[in-house]
Student: 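Questions regarding the structure given below will be posed in turn.
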Amino acid sequence: MLGCGAVSDPSTPQHASEAAGEPAGAEAPARLRELIAERREAMDALRARGLDPYPPGGGRLDRVGDVVARFDGELDGDPEPAAGAEPAAGAGPHPAALAPGEDSGEAVRVAGRLVATRGHGKLAFLVIRDGDDEVQVMARLDRLGAEGFALTDDLHEGDWIAAEGTLARSKRGEPTVDADAVTIVGKALRPPPDKWHGVREPETRYRHREMDLAASQEARAMVRARAVLLAALRAELDERAYLEVETPLLHPIPGGANATPFVTHHEALGVDLYLRIAPELYLKRLVVGGLPRVYEIGRVFRNEGLSTRHNPEFTMLEAYQAHAGYGEMMALTQGLIQRAASALAEAGLREGGLVTRFGEAEVDLSGDWPRRPLLDLVAEAVGVERLDLGDRARLAELCAAHRVPIEDRWGAGKLALELYEKLVEPHLWEPTFVIDYPVEVSPLARRHPDDPGLAQRYELIIAGRELTNGFSELTDPDDQRERFEEQARAKAAGDAEAMPIDEDYLAAMELGLPPTGGLGLGVDRLLMLLLGRESIREVVAFPTLRPRG
RNA sequence: GGGCCGUUAGCUCAACUGGCAGAGCUCCGGACUUUUAAUCCGGCGGAGCAGGUUCGAGCCCUGCACGGCCCUCCA
C-alpha cells in the first residue's frame with residue numbers, strides 16, 4: 001500500500017490510483033505530479049546510464065556520527081579509526097588536526113539522506129543525514145570524472161546516497177568527505193517537506209509521520225524517547241527479578257478492566273474474539289501457575305472516544321508480584337517512574353532530572369510520594385469530617401451539592417468515586433498515591449482488612465492525570481465470583497463496561513492464587529508526562545485517526 | 001455525541017472593507033571548483049468538496065469531508 005493516493009488532496013480517493021494500477025502519485029495534485037515526474041525523469045536518466053536507483057545494501061559503511069566524531073578528536077587515542085576505516089598511517093594528519101583545505105587521506109564510506117545540495121558548477125556540496133548526524137560530501141568534477149560527477153545533476157533532496165572518499169576539511173574548515181565516488185542508493189520520488197520548517201500541519205504529521213521524522217529532529221527524538229523509556233522500565237523490572245511474558249491479545253472474554261472492547265472474528269473457529277482491554281487476568285493465571293514475578297509490556301485496545309489523552313490502542317505495563325501487597329507495588333511504581341525520568345534525562349531526551357515541566361507548571365518527581373486515602377481526599381474537598389460509604393443518601397446529597405451528575409443504579413462507592421474524580425483528581429498536581437478505593441468500583445481488588453467496603457487499591461496521580469492503577473489482588477475465589485456476579489448484574493442493567501464472568505479465571509483462582517500485588521501503568525501517559533507533551537498523539541508514532549476517503 | 005476554530009502552490013507562510021491571489025523553500029533552465037538555509041539570472045505551479053448570495057467571493061451564507069482544542073466518555 002505504498003505511495004497510493006494523495007497526502008494533501010482529500011478529494012482524491014486513495015484507491016483510485018491502485019485500482020487503475022497507475023504509478024505512485026498518479027492521482028496527486030498537479031504540482032505534486034510534476035515534481036514526481038521530474039524525479040522520475042532523473043531516475044530514468046540514471047537507468048539509461050546503467051545505474052540502479054534502488055541497489056541492494058551491504059558492504060563497508062561508516063556511520064556519519066563516527067565520521068564527524070573523528071573531526072572532533074573524540075576518538076583520539078582510540079587505536080581504531082572510525083568504525084571499519086582503513087589504517088591511514090602516514091597518509092596525512094589526523095582529521096581533528098586538519099587545516100582548512102587539507103586532506104587526511106583517511107578513507108570512509110558514508111551513506112544517508114540528501115538533505116541539501118549546494119552546486120558550484122564543477123563542484124557540489126551534498127549534505128547527507130544519517131540518523132541525527134549530518135556531514136557534507138564534496139563532489140568534484142576533477143576527482144569524480146565527468147561520468148561520476150554527472151550523477152549530481154540527477155540527484156534530488158530526499159534521495160538516499162552513499163559516498164566513498166577521504167576525510168578532509170573544506171577551505172572554510174567544514175568537516176567534509178571528499179568523494180572519490182558518489183552513488184545513489186534509494187531514489188526519492190516524492191519531495192521531502194520544507195527543509196527549514198518541516199511539516200507543521202498536525203494532520204500530515206500524524207498521518208505521515210515519516211514526513212515529520214524526515215524533517216524534524218524533535219520528531220525523531222520522540223521515537224527514541226519511547227525506546228529509552230521502555231528499556232528503562234524493563235531494566236528496572238529485570239533487576240527486581242521480574243520475568244517478561246506475553247499473553248494473548250485475542251480474548252474470548254474481555255476482562256481485567258472496565259472498558260468497551262473491540263470485537264473481531266476468527267473464521268476457522270467461527271467465533272468472535274475481543275482485542276484485549278487488559279492482560280491482567282492472564283498474568284495472574286501465570287502467578288497461579290507458579291511464576292512469582294511477571295510483567296508484560298504491550299498494547300491494549302479500548303473502544304472509546306479519541307482525545308488528547310486517549311488513543312484506542314495504547315501501551316500498558318502490568319506487573320504482578322506474589323506475596324506482595326499494594327504497598328510494595330506503590331514502591332515499585334515510584335521506582336519505575338523515577339528511573340524512567342532519569343534515563344530520559346541521561347539520554348538527553350528531556351531536561352530537568354526528576355523535575356518535569358507540564359503545561360504551565362513543573363512537577364517534582366523526586367522523593368517518596370504521599371499516600372492519601374480516597375475518602376479522606378473527598379471529605380476534604382467537600383468540607384466534611386468524614387465520609388461513610390454506608391450512607392448512600394448523604395453521598396447523593398453531596399453529589400447534588402457539588403453538581404456531580406449521578407445515576408440511580410450507582411451505589412455509595414460509585415458516588416464517592418464520582419466525587420473524587422470530579423472534585424479531587426484534576427487538582428492533584430504533585431505525585432500522589434490515592435489509596436483505598438470502594439470495593440464496588442474495584443472488582444478485582446482485595447478487601448481492606450479494616451473496612452470491607454474498601455479495597456486495597458491505589459492510583460498514582462500526577463499533574464491531574466491518572467498514570468497507574470494497582471492493588472493487592474483479590475485471591476479469594478468465592479469473593480471473586482460474587483464480584484463478577486455483581487458486575488454481571490450491572491452489565492445486565494446497561495453498564496456496557498462492566499465485566500463478564502470469566503469462568504476460566506475463576507478456575508485458576510480456585511487452583512490457588514497466592515497473595516499478590518499488581519500494577520498497571522499507562523506507558524504513553526508516562527511518556528507524555530516526562531516529555532511535557534499534552535497530547536497523546538505527540539508520543540505515539542502513528543496515532544489513530546479517521547481514515548481518509 | 002456537543003461547542004469553538006482551522007483547511008490558500010508538494011512544504012512553510014502572506015494578502016486592504018468583497019475588486020487581477022503573493023513570497024521563501026522545493027522543482028525546471030542558465031552561471032559558478034569551497035559552500036554552510038550558498039549566491040545570481042530566468043521559469044513552472046494554487047483557493048478542501050458541493051451549493052448559494054453578489055456585477056464580482058480566498059473573504060459573506062448553507063451543507064459535507066478532514067483536522068486541532070475544549071466538553072462528554074474513558075485510562
Side-chain angles (χ1 to χ4, degrees), chain A residues 6-12 25 28-39 41-42 100-101 115-127 134-144 149 153 156-158 168-176 178 188-208 211-212 214-215 257-260 277-278 300 302-312 314-316 405 421 425 459-461 465-469 496-497 520-526 528 534-537 543 545-549:
Chain A
V7 174
S8 303
D9 183 0
S11 69
T12 304
R31 178 56 173 165
L32 181 55
R33 271 207 310 278
E34 281 176 29
L35 293 170
I36 291 173
E38 284 159 357
R39 285 165 180 260
E41 269 179 42
V115 294
T117 59
R118 295 186 282 272
H120 293 268
K122 300 184 180 67
L123 163 74
F125 292 101
L126 310 172
V127 181
E134 295 182 2
V135 71
Q136 75 172 12
V137 171
M138 184 159 55
R140 293 192 279 172
L141 175 61
D142 58 6
R143 190 157 170 174
L144 294 171
F149 188 73
D153 288 336
H156 289 97
E157 290 190 7
R169 278 195 191 276
S170 69
K171 286 181 183 171
R172 293 292 174 86
E174 177 79 5
T176 300
D178 196 355
L189 293 176
R190 285 175 185 264
D194 188 291
K195 63 182 166 188
W196 195 244
H197 303 281
V199 185
R200 288 275 178 79
E201 190 186 16
E203 181 170 357
T204 307
R205 291 204 298 117
Y206 300 156
R207 286 190 196 278
H208 288 277
M211 288 176 68
D212 192 23
N258 293 110
T260 308
I277 56 174
V300 299
R302 299 189 182 177
N303 203 341
E304 283 146 9
L306 286 66
S307 80
T308 49
R309 297 174 201 185
H310 301 84
N311 200 53
F314 62 99
T315 302
M316 173 90 97
E421 287 181 349
E425 188 176 276
E459 291 191 358
L460 172 65
I461 311 300
R465 290 157 161 79
E466 182 191 330
L467 278 187
T468 74
N469 183 19
E497 296 178 349
L521 185 158
V523 172
D524 310 86
R525 286 191 175 176
L526 177 57
M528 287 167 66
E534 292 185 73
S535 171
I536 198 169
R537 297 188 188 103
L545 296 180
R546 184 180 295 276
R548 284 290 203 190

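Quick note on labels: first sequence line is chain A, next is B, and so on, each numbered from 1.
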Student: Between A:Arg118 (CZ) and B:rU26 (P), how many Å, whole number?
Tutor: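 From A:Arg118 CZ to B:rU26 P: 11 Å.
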Student: Within the pair A:Ser170 and B:rU36, is there a side-chain N or O less than 4.0 Å away from OP1 or OP2?
Tutor: no
Student: With rounding to whole Å, what would you report as the distance between B:rC71 and B:rA47 at their C1' atoms?
Tutor: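 These two C1' atoms come out 32 Å apart once rounded.
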Student: Between B:rA23 and B:rG18, how far is it from one C1' atom to the other, in whole Å?
Tutor: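 Their C1' atoms lie roughly 24 Å apart.
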Student: Report the base-pairing partner of B:rU53 (Watson-Crick or G-U wobble, both distances below 3.5 angstrom), or none.
Tutor: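 Paired with B:rU53, as far as the under-3.5 Å criterion goes, is no nucleotide at all.
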Student: Would you kindly give the CZ-to-P distance between A:Arg31 and B:rU8, to the nearest whole Å?
Tutor: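 Result: 17 Å.
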Student: Among the nucleotides B:rA38, B:rU12, B:rG67, which one has an atom lying closest to any side-chain atom of A:Leu545?
Tutor: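 From the listed options, B:rG67 comes nearest.
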Student: Using the P atoms only, state how far B:rC73 lies from B:rC5, rounded to an integer number of Å.
Tutor: 24 Å
Student: Closest approach of A:Leu306 and A:Arg537, non-hydrogen atoms and distance?
Tutor: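 Between these two residues, the closest heavy atoms are CB-NH2, 3.9 Å.
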Student: Heavy atoms under 4.0 Å, any strand shown: does A:Glu174 hit a base, just sugar-phosphate, or nothing?
Tutor: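 Base contact.
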Student: Under a 3.5 Å cut-off for both distances, is B:rC59 Watson-Crick or wobble paired, and to whom?
Tutor: none
Student: Is A:Glu157 touching bases, backbone alone, or none of the nucleic acid, heavy atoms closer than 4.0 Å?
Tutor: sugar-phosphate
Student: Tell me which nucleotide among B:rA37, B:rG10, B:rU33 gets nearest to the side chain of A:Asp142.
Tutor: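 Of all the options, the side chain of A:Asp142 is nearest to B:rU33.
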Student: Could you tell me the Watson-Crick or G-U partner of B:rG67, where both distances fall under 3.5 Å? Say none if there is no partner.
Tutor: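 Pairing partner, where one exists within any strand: B:rC5.
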Student: In whole Å, I'd like the distance from the CZ atom of A:Arg169 to the C1' atom of B:rU34.
Tutor: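 Between C1' of B:rU34 and CZ of A:Arg169: 14 Å.
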Student: Taking only the P atom of each, what is the distance from B:rA21 to B:rG63 in whole angstrom?
Tutor: 28 Å
Student: Give a yes or no answer on whether the side chain of A:Glu157 reaches the backbone of A:Pro191 with a donor-acceptor pair at less than 3.5 Å.
Tutor: no
Student: Closest approach to the side chain of A:Pro193, judged atom by atom: which nucleotide of B:rU34, B:rC11, B:rU26 is it?
Tutor: B:rC11
Student: Starting at atom CZ of A:Arg39, determine the distance to atom C1' of B:rC11, rounded to an integer number of angstrom.
Tutor: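 Distance, rounded to whole Å: 12 Å.
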Student: Distance between the P atoms of B:rC61 and B:rA38, in whole angstroms?
Tutor: 43 Å
Student: Look at the side chain of A:Asp194 against the base of B:rG10 and say whether a donor-acceptor pair falls under 3.5 Å; ignore hydrogens and angles.
Tutor: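 Not at all, since no donor on one side and acceptor on the other fall under 3.5 Å apart.
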Student: Go ahead and name the base partner of B:rU39; Watson-Crick or wobble counts if both distances stay under 3.5 Å, otherwise write none.
Tutor: B:rA31
Student: Taking B:rU8 as the reference, what is the distance to B:rU12 when you measure between their P atoms (whole Å, please)?
Tutor: 8 Å
Student: Provide, to the nearest angstrom, the distance between the CD atom belonging to A:Glu203 and the P atom belonging to B:rC69.
Tutor: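 Whole-Å distance recorded here is 12 Å.
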Student: Measuring from the side chain of A:Phe125 (C-beta onward, heavy atoms only), which nucleotide among B:rG10, B:rU34, B:rA37 has the closest atom?
Tutor: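 The closest nucleotide is B:rU34.
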Student: Shortest non-hydrogen contact from A:Leu144 to A:Ala139?
Tutor: CD1-CB, 3.5 Å
Student: If stacking means aromatic ring centre less than 5.5 angstrom from the base's six-membered ring centre, planes under 30°, is A:Phe314 stacked on B:rA75?
Tutor: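 The ring of A:Phe314 is stacked on B:rA75.
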Student: OP1 or OP2 of B:rC70 less than 4.0 angstrom from a side-chain nitrogen or oxygen of A:Thr308, does that happen here?
Tutor: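 True: A:Thr308 side-chain N/O within range (under 4.0 Å) of B:rC70 OP1/OP2.
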Student: Would one find a side-chain N or O of A:Arg200 under 4.0 angstrom from OP1 or OP2 of B:rC11?
Tutor: no
Student: May I ask you to verify if any side-chain N or O of A:Arg546 is less than 4.0 angstrom from the OP1 or OP2 atom of B:rC66?
Tutor: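 It does, given that an N or O in the side chain of A:Arg546 lies less than 4.0 Å from OP1 or OP2 of B:rC66.
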Student: Could you state the CG-P distance from A:Asp212 to B:rU12, rounded to the nearest angstrom?
Tutor: 10 Å
Student: From C-beta outward on A:Val199, which listed nucleotide comes closest to its side chain: B:rC44, B:rU12, B:rU26?
Tutor: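 Output: B:rU12.
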Student: Under 4.0 Å between a side-chain N/O of A:Lys195 and OP1 or OP2 of B:rG10, yes or no?
Tutor: no
Student: Work out how far the C1' atom of B:rG24 is from that of B:rA14, and round it to whole angstrom.
Tutor: 11 Å
Student: Taking NE2 from A:His156 and P from B:rG10, how many angstroms apart are they, rounded to a whole number?
Tutor: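 Checked: the NE2 to P distance equals 16 Å.
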Student: For A:Gly520, answer base if it contacts any base atom (sugar-phosphate contacts may also be present), sugar-phosphate if it contacts only those atoms, and nothing otherwise; contact means non-hydrogen atoms under 4.0 Å.
Tutor: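 If one applies the 4.0 Å heavy-atom cut-off, A:Gly520 turns out to touch nothing in the nucleic acid.
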Student: Does A:Arg190 make a side-chain N or O approach to OP1 or OP2 of B:rU26 shorter than 4.0 Å?
Tutor: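 No, outside the criterion.
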Student: Roughly how many Å is it from CG in A:Leu35 to P in B:rC28, rounded to a whole number?
Tutor: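 Roughly 9 Å, once rounded to whole Å.
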Student: What contact category does A:Asn258 fall into here, base, sugar-phosphate, or nothing, at under 4.0 angstrom with non-hydrogen atoms?
Tutor: sugar-phosphate
